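Just follow the structure's listing: the first ligand is 1, and inside any ligand the first atom is 1. From a predicted model like this one, the values you see are computed outputs, not experimental measurements.
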Amino acid sequence: MPISFLPRFAVLATSLLEWHSVPENMSTIPEIEQVVQRIHQKYQNFDEGDVATYIPELAKADPGHFGICLATVDGHLFCAGDWEHEFTIQSICKPFAFQLALEEFGRDDTLQRVGVEPSGDAFNSIELDPKTMRPFNPMINAGAIAISSLIKKNPPESGVRAFVDKMQMAAGRTLRIDPDVLASETTTGNRNRAIAYLMLNCGIIDGEVDHTLHQYFSQCSLLVNCQDLAMMAATLANMGSNPVTGEQVFDFQYIKDVLTVMFTCGLYDHAGEWAYRVGLPAKSGVGGGILAIVNRQLGIAVYSPKLDAQGNSVRGILACKELASHLGLHAFEFTNVGSNFMQAMM
Ligand code: GLU
């Protein structure tokens, strides 16, 4: 029987104001802490999958690393394993870049450049919607590159800075780009270059292709750890406000757009299976991270660099499945009161 998460939590929660971003004095609720530790232990020696090598720098990741972190909307953290270890965010930057595009350009203009249909194709597929010539959605590379073209700025480093600044506000700490991964992606990213030129040819992006790709590769090369990702996810879950700093990071009116696209397209060609088994808006990256959101309740992050054939972290998927089932987090689970806050507090 899943633990009915939020009602129990609401009773035991302490004020987030008593807590600040340092993990040492985090509040814990033993039962949830135990679930996180148990799941970490269970999969610690699970050894399937392969570390991504198509970006040469990613091949250096330690395949043994495995971290989990949960962050609640009232500022509690539950972490296990290598949760402090930094890795590049890769495609987990995509929902945040989509959010920034919506905030800056609004729905109509943003959706001129990218659709919201699951493609069922691989993350790096070189294909546009034949009816509209747009990329299918902002969670695959084509869509994310179209979004990077929108949010890039002049000079190029200012667009990158604007993205990193937002991500720092969501994580609640200073973040930086990994220069080696950025260089590695820039030298070897010819498939993404091909996607960008296809979109230039179809009028989806402007002629500043190198500038667009620099924005995209830089976004992907942001270094984060599990706690950062969990806080970013919790910020989305918390109507755009960072649960610890209280800062309003994202415009609330667009978060539902982002969560919807994450729900249907976040796990590439595994998205349907994920929605069925885990039932949470989520995004994975080839660096080995997975981020998931329980709306109005919590953010989840798992890191383990060994990937399955679809480019998703193997232990990440297993851990999320198990967390969702033990804590009753699936969006349509009867124990999940979702965003019905009043009911949750009763
Ligand atoms: N930087 C990676 C690429 O564009 C991101 C892919 C991913 O994480 O799915 O190939």
Side-chain angles (χ1 to χ4, degrees), residues 49-61 86-98 114 118-127 135-149 151-152 160 163-164 167 177-199 205 209-224 226 228-229 232 261-262 265-271 274 282-292 301-317:
D50 295 296
V51 171
T53 53
Y54 77 100
I55 299 170
E57 203 56 29
L58 294 184
K60 295 183 180 166
E86 287 188 331
F87 52 96
T88 51
I89 192 167
Q90 295 300 331
S91 280
I92 304 171
C93 70
K94 291 171 180 171
F96 296 101
F98 183 44
V114 66
S119 72
D121 291 323
F123 68 95
N124 57 3
S125 71
I126 305 185
E127 193 188 9
F136 282 98
N137 66 70
M139 301 296 129
I140 52 170
N141 288 9
I145 293 168
I147 292 294
S148 292
S149 162
I151 66 172
K152 70 183 184 314
V160 175
F163 177 78
V164 175
M167 299 306 276
I177 284 170
D178 184 327
D180 297 331
V181 173
L182 175 57
S184 194
E185 294 215 35
T186 307
T187 6
T188 62
N190 290 329
R191 198 176 169 97
N192 286 326
R193 217 160 264 124
I195 293 171
Y197 277 104
L198 176 65
M199 290 194 292
I205 66 169
V209 175
D210 286 341
H211 184 173
T212 292
L213 287 169
H214 179 67
Q215 177 76 27
Y216 173 68
F217 292 143
S218 303
Q219 290 167 193
C220 291
S221 304
L222 186 73
L223 281 166
V224 290
C226 281
D228 299 326
L229 282 187
M232 290 171 183
V261 177
M262 289 172 87
C265 315
L267 272 278
Y268 311 129
D269 32 345
H270 184 73
W274 172 274
K283 187 73 201 84
S284 64
V286 295
I290 295 189
L291 160 153
V302 184
Y303 168 61
S304 173
K306 284 186 142 195
L307 310 179
D308 62 18
Q310 277 97 15
N312 300 312
S313 167
V314 175
R315 288 194 288 198
I317 287 190

Any heavy atom of Asn124 sitting closer than 4.0 Å to ligand 1? no
Contact between Tyr268 and ligand 1, counting heavy atoms under 4.0 Å? yes
Out of all atoms in ligand 1, which are within 4.0 Å of some heavy atom of [X]? Include the element for each.
| X | result |
| --- | --- |
| Gly285 | 8 (O) |
| Cys220 | 1 (N) |
| Glu185 | 1 (N), 2 (C) |
| Asn192 | 3 (C), 4 (O), 10 (O) |

Compute the shortest N/O to N/O distance between Val286 and ligand 1 and return yes if it is under 3.5 Å, no if not. yes
What residues, two or more places apart in sequence or in another chain, satisfy salt bridge (Lys or Arg N to Asp or Glu O under 4.0 Å) together with Lys283? none
Taking [atom] as the reference point, the nearest protein heavy atom with its distance:
| atom | result |
| --- | --- |
| atom 5 (C) of ligand 1 | Gln90 OE1, 3.3 Å |
| atom 4 (O) of ligand 1 | Tyr216 OH, 2.6 Å |
| atom 3 (C) of ligand 1 | Tyr54 OH, 3.4 Å |

Once the angle between the rings of Tyr303 and Phe87 is folded into 0 to 90°, is it parallel (under 30°), tilted (30 to 60°) or perpendicular (over 60°)? parallel
Which one of Ala52, Ser284, Ser91 has a non-hydrogen atom at the shortest distance from atom 8 (O) of ligand 1? Ser91
Residues Ile92 and Gly285: closest non-hydrogen pair is CG1-N, 3.7 Å
In short, Cys93 meets Phe163 closest at the heavy-atom pair CB-CZ, 3.7 Å
Listed by chain and number, what are the side-chain contact (heavy atoms from CB on, under 4.5 Å) partners of Pro179, not counting sequence neighbours? none
To the nearest 0.5 Å, tell me how far Ile290 CD1 sits from Leu267 CG. 6.0 Å
Can you measure from SG (Cys226) to CD (Glu86) and round to the nearest 0.5 angstrom? 11.0 Å
Answer with yes or no whether the side chains of Ser148 and Gln219 bring together a donor and an acceptor at under 3.5 Å. yes
